[in-house]
Amino acid sequence: MATERANRSAAPGGSARIDRDGAELVIRLSGHWTLDARIRGRREALAALAGDGLRSLRVEVVVAAWDGRLVAFLHRLQRTAAARGLAVTITGLPPAAGALLRLVPPTAVPAPAAMRLDPLARLGRAASSAIRTLDDAVAFVGELALALGRLVRGRADFDWRAFGWFVQRSGFDALAITGLVAVLVGMVLAFVGAGQLGRFGAEIYVANLVTLGMTREMGALMSAIVMAGRTGAAYAAELASMRLGEEVDALETLGVRVVDHLVLPRLLALAVTLPLLSLYAVFVGMVGGALSATLLFDLGLTRYLEQSRLFLDGGDFLAGLGKAAVYAWLVAFAGCWRGMRAPRTAAGVGDAATSAVVLALVLIVCGDAVMTVIYHVLDI
Amino acid sequence: MSSTSEPPPAPLLEVRDLAVGWEGVPVLEAVDFTVAPGEILAVVGESGCGKSTLLRALVGLLPPLAGTVRHHGISYWEAGEEERTALRRRFGVAFQSGALWSSLDLFDNVAMPILRAAPDLDAGELSDLVHLRLALVGLADAARRFPHELSGGMRKRAAIARALALDPALVFLDEPAAGLDPLTGRRLDALLLELRAALGIAFLLVTHELASIWTVADRVLFLDAGSRRPLALGPPAELVRHGPPRVRAFLTREGSFTPPPRAEAVP
């Protein structure tokens, strides 16, 4: 602070002094008129132009140093004086400053500030924008359906090499992170369950809890959440960058259907890999549960595995797999849709990735709720 | 050594025995030149001759492999961080793509360097300063537009307005006319000459445009991709007369404003 103040006091100074000579206002500019200077009397000088009975303005420039700041102020004085019908004379102006002032049209006025909307109008704008977004989402789903139809009929501009590449990136490359998350979730499930069940001497049912939890719910859910943050965001950022770099336009000008070429391989890759990852997560999660139960709660490994085997049900497996399949489409849809609709700006790329993750998470949770109700009704 | 004659004005930029390149491999070596106040120097050469790499070393984006770059007599790459910041404020750079910040409108693009140099400016004065720059390049009405809403020529002019934000004595321009139609390109040349005449600004211009070279350049630095060295330095008219054959061929190729003789019209 002390240094800052010292610097400030060391800054060069300039001033605008006001004199009145009958119907003429005289403003004398002296000292340093540079960006780093402290300038006194600017506002007062501008305010003085509103004085009564003025017919002309004379500006005397006797500055020791100047830059664009002087010219900007003179331009402002000229504009304000002209608006009040005052004749303006400027004396002592450095030639280069005069040249700069002449380069700028005297009518060049600052653009009006951005329009401010009242709250009701803002609400209306937000509502209509939400409707447009929803409309666009439905349209994108329609485009995807048409593209899938073309793929089935063998008429899509499908990129098989890209598909293989995305399968590797969204599947194999995600094994480590998915495994880590799943093993920890399995351990936490077992840990929390054993603590409670132990009160009734029923620790062995931890195996049921972990098996049921991982197969029906957590395996698919955890894999989908990892994929939303990892692959969904990457899809959105890639597609948004491609739009920014006009790569998407370049494809379109070649007559390539961009949804077939860019979106379908990503979508189908995730549709293949997410259910597989979820199976893997179920297995790893059960291993985590077994580790936690046997190491922390003294349940024999053989007993635990036997209990798990007895409780393991093919229907639960399929129920979890069904959820994973649905989550895959939701995550891929969120990533591709946000990416393909991103504004062509650097911020647009970031926003697309963020909104893809948020949208995917919301869709996953909503999808989970809907499917749980459906399973309940169908008694699956 | 003593001399009674008036010393020439100190150069704004002095480059001595400069070598630039990537990962220790030189793209360009033995570069020597100066830029005097108010001078327009065009750096030309075939694609891949190191023009843009040289520019990056001059504006402080790429440390040179050898040699010195002096701005206002101070060796940029030997200066401390504070001194470098002060030097950077004395030159402006307009990048080839414009490099406008896409999330900011034109006003904020130009305001950013001003606010970094003078954070205490009040809103009214900042607005005056920004609009002065935008008006200089004919974009006063576009202050609230975003870069993606502008045409290519407007983006180039906006980049120049931003480069002028801190009243630099020297402005570096990378391919200012690239991607523009010839008419817009010529308007840009006229703008440079106008700014030089009015404000005494010096320009270092990396360009391919022969028309620009002939219209605005006081001197031309011709770089050679084969030898990785400068091939010639001098006023274009002189290089056309006495320069190496390749430089003469380059400068007289197409845009020297003397239209080639037309074939007789066949009735």
Side-chain angles (χ1 to χ4, degrees), chain A residues 4 7-8 11 16 33-39 42-43 45-47 65-80 94-115 240 243-246 342-351, chain B residues 37-38 86 89-90 97 99-108 110 113-149 161 164-169 191 194-201:
Chain A
E4 194 183 332
N7 283 343
R8 276 159 191 270
W33 278 73
T34 51
L35 268 184
D36 55 349
R38 295 173 65 199
I39 294 172
R42 268 185 72 254
R43 288 177 198 199
L46 285 168
W66 66 277
D67 62 16
R69 200 172 182 185
L70 171 72
V71 181
F73 182 64
L74 289 172
H75 196 257
R76 165 68 70 104
L77 279 179
Q78 277 185 330
R79 286 203 313 268
T80 316
L100 181 54
L101 200 56
R102 279 191 296 279
L103 276 183
V104 185
T107 49
V109 286
M115 198 170 40
R243 271 173 58 76
L244 182 61
E246 295 175 325
R344 294 166 190 266
T345 62
V349 178
D351 288 346
Chain B
R89 285 184 182 159
R90 297 173 73 177
S97 63
L100 299 169
W101 297 300
S102 60
S103 56
L104 303 179
D105 62 22
L106 278 198
F107 182 96
D108 290 334
V110 179
I114 298 177
L115 276 178
R116 285 192 61 81
D120 297 336
L121 277 189
D122 70 52
E125 200 175 3
L126 176 69
S127 167
D128 285 351
L129 281 164
V130 172
H131 282 96
L132 186 75
R133 266 53 170 203
L134 289 175
L136 266 183
V137 297
L139 288 175
D141 296 334
R144 286 299 168 200
R145 285 164 76 177
F146 282 85
H148 65 271
E149 298 171 328
L164 294 175
L166 296 178
D167 298 299
L191 176 67
E194 214 170 40
L195 291 172
R196 190 256 293 265
L199 309 173
I201 299 176

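All of these numbers come straight from a predicted model, not from anything done at the bench. Chain letters run A, B, ... following the sequence lines, proteins first and then strands; every chain starts at 1.
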- Atom CD in B:E194, atom CZ in A:R102: separation rounded to 0.5 Å? 11.5 Å

- Taking all non-hydrogen atoms of both residues, which atom of A:R344 and which atom of B:H148 are closest, and how far apart? O-CB, 4.4 Å

- Item | Shortest non-hydrogen contact between B:L132 and A:G68, atoms and distance | CD2-O, 3.7 Å

- Item | B:L134, part contacting chain A, at a heavy-atom distance under 4.5 Å | neither

- Item | Interatomic spacing from CG in B:L129 to CZ in A:R76 - rounded to 0.5 Å | 10.5 Å

- Query: Given a strict heavy-atom distance threshold of 4.5 Å, which part of A:D36 is in contact with chain B: side chain, backbone, both, or neither?
  - Reply: neither

- Distance, nearest 0.5 Å, that separates CG of A:L46 from CG of B:D128: 8.0 Å

- Task: Could you tell me which of B:V130, B:L195, B:D122 has the largest number of non-hydrogen atom pairs under 4.5 Å with chain A?
- Result: B:D122

- Message: Rounded to the nearest 0.5 Å, what separates atom CG in B:L104 from atom OG1 in A:T345?
- Response: 10.5 Å

- Task: Please identify each residue that fulfils side-chain contact (heavy atoms from CB on, under 4.5 Å) with B:A197, with sequence neighbours left out.
- Result: none

- From the list A:I39, A:T34, A:L100, the residue making the most non-hydrogen contacts under 4.5 Å with chain B is A:L100

- On a heavy-atom basis, the closest approach of A:L35 and B:A118 is O-CB, 3.5 Å

- Item | Spacing of B:D120 atom CG and A:R38 atom CZ [to the nearest 0.5 Å] | 9.5 Å

